[in-house]
Amino acid sequence: NNRGLLMIFDMKKEQHFASFYDENNKIFIVIDSFDNKEFNLRIGTLSETEFKCSFLVDNDKDLNQRIEKEFLKYKENKDF
């Protein structure tokens, strides 16, 4: 099965918005920021997401690691 494949998160800190969709697990992630310092993350399905957290990051690597961390936490707790 493909449920173990890793997602690639490649958001840039300068972006105000990005979204990612894991087709295998049907998980949709939305990240936005007004100031490119504090980022808000929502996660769920294509039809419904819920706010999970806000976080501050210093660079692209930290941003994408945090997105991945929240994705994996959600995926782990999700009952497929």
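The figures here come from the full heavy-atom set of this structure, side chains too, leaving out hydrogens, waters and symmetry mates.
- Note on Phe20: it clusters hydrophobically with Leu72, by side-chain heavy-atom contacts below 4.5 Å among ILVMFWY residues.
- Residue Leu63 holds its CG atom at 10.5 Å from CZ of Phe9, rounded to the nearest 0.5 Å.
- Atom CD1 of Ile8 has 12 or fewer heavy atoms from other residues, nucleotides or ligands within 6.0 Å.
- With contacts defined as side-chain heavy-atom distances shorter than 4.5 Å, the pair Thr49/Ile43 does not qualify.
- Side-chain contact between Met11 and Ile31: present, with at least one pair of heavy atoms (C-beta onward) separated by less than 4.5 Å.
- With rounding to the nearest 0.5 Å, the separation of CZ in Phe39 from NE2 in His16 is 9.0 Å.
- A salt bridge links Glu50 with Lys52: at least one charged nitrogen is closer than 4.0 Å to a carboxylate oxygen.
- Rounded to the nearest 0.5 Å, atoms CG (Asp62) and NZ (Lys13) are 9.5 Å apart.
- The same ILVMFWY cluster, assembled from side-chain heavy atoms under 4.5 Å apart, contains both Leu41 and Tyr74.
- Atoms CZ and NZ, on Phe55 and Lys69 in that order, are 10.0 Å from each other to the nearest 0.5 Å.
- Here the side chains of Ile29 and Arg42 are not in contact, with every heavy-atom distance at 4.5 Å or above.
- Ion pairing between a basic and an acidic side chain is recognised when a charged N comes within 4.0 Å of a carboxylate O; Lys73 and Glu70 show such pairing.
- Asp22 contributes a side-chain N or O that, together with a main-chain N or O of Asn24, makes up a donor-acceptor pair within less than 3.5 Å.
- Val57 places none of its side-chain heavy atoms less than 4.5 Å from the side chain of Lys37.
- In this structure, the side chain of Asn36 engages the main chain of Glu14 through a donor-acceptor pair within 3.5 Å.
- The closest donor-acceptor contact from the side chain of Glu48 to the backbone of Thr45 lies at 3.5 Å or more, if one exists at all.
- A continuous path of Ile, Leu, Val, Met, Phe, Trp and Tyr side chains, each step under 4.5 Å between heavy atoms, connects Val30 with Leu46, placing both in one hydrophobic cluster.
- A heavy-atom distance below 4.5 Å is not found between the side chains of Glu68 and Asn64.
- Taking the side chain as every heavy atom from C-beta outward, Cys53 and Arg66 approach each other to under 4.5 Å.
- Looking only at side-chain heavy atoms (C-beta outward), Lys26 and Tyr21 come within less than 4.5 Å of each other.
- Counting heavy atoms from C-beta on, the side chains of Ser19 and Phe28 come closer than 4.5 Å.
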